[in-house]
Amino acid sequence: MRIATWNVNSVNARVETVVAWLREHSPDVACFQEIKCEEHKFPALAFEELGYNTAVWGQKSYNGVAILSKFPIGDVRRGLPDPGEEEQSRYIEAVIEAPRPVRVASIYLPNGNPVDSEKFPYKLAWMERLRRHAVDLLRLEESLVLCGDYNVIPDPEDARNPAQWVRDALFQPESRAAWRAFKGIGLSEAHELAGEPPGTFTFWDYQAGAWRRNDGIRIDHHFLSPQAVDRFLGMETHRDARDMEKPSDHVPVVIELTD
DNA sequence: ATGGCGTCGGAACGACGA
């Protein structure tokens with residue numbers, strides 16, 4: 001089973017690009033982030049025509065996450081426990097009802113910039129909520145894949161030019177520590193399991209020729225429970241997608257598990 | 001160098017992204 005994560009940067013602005021990529025690569029599951037629309041404006045039909053079921057948690061203009069699956073989708077959860085009053089659409093989880101099921105979450109972690117604003121503590125608090133929920137999920141002892149745009153650059157080797165990120169929320173010591181604490185509850189990172197080399201980036205800014213200069217960062221991650229690690233076969237970071245017509249600024253990352 | 005570039009809402013340009 002192949003499971004993709006992709007921050008699509010508006011699913012409606014990008015639908016032709018996204019459909020073209022799905023048609024070519026046909027992952028069993030695709031987790032989207034930043035769909036930037038409410039559920040009634042999600043182009044479900046375009047994906048159903050490719051054989052996907054969909055589960056969506058959207059909001060107007062910003063954020064929004066979705067899960068596409070060629071298998072039936074069950075046990076959908078929208079949002080983390082303990083939501084605030086105006087909870088942003090950043091987390092959706094579901095069970096992919098394959099012969100050997102996998103619980104999958106599509107995660108759009110807050111950016112947190114600027115660091116001296118209320119957005120940075122919001123990011124850190126959200127990461128702690130995610131960590132606590134993941135502890136509960138691990139107790140289920142299932143095949144579990146928590147993937148998405150984590151908006152964290154884990155290590156200097158995950159940026160072409162780490163110095164330009166030192167004042168950025170994505171590379172703050174607190175963000176990186178929260179990322180390690182999350183991983184430390186007993187999750188494994190696909191990037192490490194696959195032995196991807198340094199310089200495997202997943203995001204390049206639209207601005208200033210970042211793609212042309214390969215000025216990228218690695219911020220889109222898959223985390224696996226021990227039961228999913230046992231099924232891990234490999235991964236692909238789809239760098240070529242950054243050269244598609246009307247590309248997202250992120251590229252898809254795909255892991256493969258045994259069926 | 002906080003700008004570039006892209007998207008949204010709503011009909012100009014500010015908010016937001018990373």
Side-chain angles (χ1 to χ4, degrees), chain A residues 5-19 21 32-43 46 56-66 84 86-91 106-124 126-127 130 147-176 178-179 191 199-221 237 239 241-253:
Chain A
T5 183
W6 194 6
N7 178 323
V8 296
N9 185 18
S10 174
V11 73
N12 283 306
R14 201 85 50 219
V15 65
E16 289 180 20
T17 309
V18 171
V19 163
W21 184 85
F32 293 160
Q33 302 87 37
E34 277 206 276
I35 61 171
K36 293 190 174 179
C37 65
E38 294 173 294
E39 182 164 0
H40 68 276
K41 296 214 173 152
F42 185 79
V56 178
W57 192 36
Q59 67 179 82
K60 212 177 203 180
S61 309
Y62 304 118
N63 312 313
V65 284
E86 289 181 26
E87 185 70 359
Q88 300 170 0
S89 299
R90 296 180 174 276
Y91 182 92
S106 178
I107 293 165
Y108 179 47
L109 212 143
N111 170 308
N113 279 305
V115 169
D116 60 2
S117 74
E118 74 290 345
K119 290 180 180 177
F120 188 56
Y122 180 83
K123 173 182 190 145
L124 297 176
W126 202 95
M127 292 182 81
L130 175 64
C147 61
D149 175 1
Y150 281 76
N151 269 321
V152 176
I153 302 167
D155 287 299
E157 71 178 37
D158 297 312
R160 174 62 183 263
N161 181 4
Q164 81 190 37
W165 297 97
V166 293
R167 286 170 198 81
D168 195 287
L170 279 63
F171 197 50
Q172 289 305 294
E174 295 94 330
S175 308
R176 296 171 60 197
W179 191 91
H191 173 75
T200 306
F201 303 134
T202 65
F203 169 90
W204 298 260
D205 202 299
Y206 288 121
Q207 304 177 68
W211 168 239
R212 179 174 43 78
R213 297 185 290 108
N214 191 30
D215 183 9
I217 51 178
R218 190 176 71 87
I219 55 176
D220 299 272
H221 310 295
T237 297
R239 189 184 167 86
R242 194 62 175 75
D243 264 334
M244 295 179 78
E245 286 290 320
K246 217 167 182 307
S248 171
D249 39 9
H250 297 248
V251 295
V253 184

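All chains are named by letter (A, B, ...) in the order of the sequence lines, taking the proteins before the strands, and each is independently numbered beginning at 1.
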**OP:** For the residue pair A/N161 and A/D215, confirm or rule out a side-chain donor-acceptor distance under 3.5 Å.
**Re:**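 No pair is found: no donor N or O on one side chain lies under 3.5 Å from an acceptor on the other.
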
Original post:
Taking for each residue the nucleotide of DNA chain B bearing the nearest heavy atom, is the 5' side occupied by A/R213 or by A/K36?
Top reply: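 Its nucleotide being nearer the 5' end, the pick is A/R213.
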
Subject >> 5'-most by nearest nucleotide on DNA chain B - A/V11 or A/Q164 >> reply: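 Its nearest nucleotide lies further toward 5', so the answer is A/Q164.
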
Can you figure out which of [options] approaches the side chain of [X] most closely?
{"X": "A/L170", "options": "B/dT7, B/dG17, B/dA18", "result": "B/dA18"}
{"X": "A/N111", "options": "B/dG17, B/dT7, B/dG9", "result": "B/dG17"}
{"X": "A/K60", "options": "B/dC5, B/dA18, B/dG9", "result": "B/dG9"}
{"X": "A/S61", "options": "B/dA18, B/dC8, B/dC5", "result": "B/dC8"}
{"X": "A/A13", "options": "B/dT7, B/dA18, B/dG6", "result": "B/dT7"}
{"X": "A/N9", "options": "B/dT7, B/dA18, B/dG17", "result": "B/dT7"}
{"X": "A/F203", "options": "B/dA18, B/dG6, B/dG17", "result": "B/dA18"}

Within less than 4.0 Å of OP1 or OP2 of [N], is there a side-chain N or O belonging to [X]?
{"X": "A/N7", "N": "B/dA18", "value": "yes"}
{"X": "A/K119", "N": "B/dG17", "value": "yes"}
{"X": "A/S10", "N": "B/dC8", "value": "yes"}
{"X": "A/R14", "N": "B/dT7", "value": "yes"}
{"X": "A/K246", "N": "B/dT7", "value": "yes"}
{"X": "A/H250", "N": "B/dG17", "value": "no"}
{"X": "A/Y108", "N": "B/dA18", "value": "yes"}

Could you state the [atom1]-[atom2] distance from [X] to [N], rounded to the nearest angstrom?
{"X": "A/D205", "N": "B/dC16", "atom1": "CG", "atom2": "P", "value": "17 Å"}
{"X": "A/E34", "N": "B/dA15", "atom1": "CD", "atom2": "C1'", "value": "13 Å"}
{"X": "A/Y62", "N": "B/dC16", "atom1": "OH", "atom2": "P", "value": "6 Å"}
{"X": "A/F201", "N": "B/dA18", "atom1": "CZ", "atom2": "P", "value": "17 Å"}
{"X": "A/W179", "N": "B/dA18", "atom1": "CH2", "atom2": "P", "value": "17 Å"}
{"X": "A/Q172", "N": "B/dA18", "atom1": "CD", "atom2": "C1'", "value": "13 Å"}
{"X": "A/E38", "N": "B/dG9", "atom1": "CD", "atom2": "C1'", "value": "12 Å"}
{"X": "A/R90", "N": "B/dG17", "atom1": "CZ", "atom2": "C1'", "value": "10 Å"}

Close side-chain approach of [X] to [Y], heavy-atom, < 4.5 Å:
{"X": "A/P154", "Y": "A/R218", "result": "yes"}
{"X": "A/Q33", "Y": "A/S248", "result": "no"}
{"X": "A/D149", "Y": "A/L109", "result": "no"}

Sugar-phosphate only, base, or nothing, as touched by [X] at under 4.0 Å among non-hydrogen atoms:
{"X": "A/A208", "result": "base"}
{"X": "A/D149", "result": "sugar-phosphate"}
{"X": "A/I153", "result": "nothing"}

Subject >> Shortest non-hydrogen separation from A/V115 to A/F120 and the atoms involved >> reply: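 The pair with the smallest heavy-atom distance is O-CB, 3.3 Å.
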
**OP:** Kindly give the heavy-atom pair with the smallest separation between A/N7 and A/N9, and that separation in Å.
**Re:**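 Shortest heavy-atom separation between A/N7 and A/N9 comes out as OD1-N, 3.0 Å.
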
Span that lies between the [atom1] atom of [M] and that of [N], in whole angstrom:
{"N": "B/dA15", "M": "B/dG10", "atom1": "C1'", "value": "13 Å"}
{"N": "B/dT7", "M": "B/dA18", "atom1": "P", "value": "14 Å"}
{"N": "B/dG14", "M": "B/dA1", "atom1": "P", "value": "24 Å"}
{"N": "B/dG3", "M": "B/dC16", "atom1": "C1'", "value": "16 Å"}

**OP:** Indicate, yes or no, whether a donor-acceptor pair under 3.5 Å links the base of B/dA18 to the side chain of A/N151.
**Re:**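 No pair found.
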
Subject >> Charged N-O contact under 4.0 Å between A/R242 and A/D249 >> reply: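 Between A/D249 and A/R242 there is no salt bridge, as every charged N stays at least 4.0 Å from the carboxylate O atoms.
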
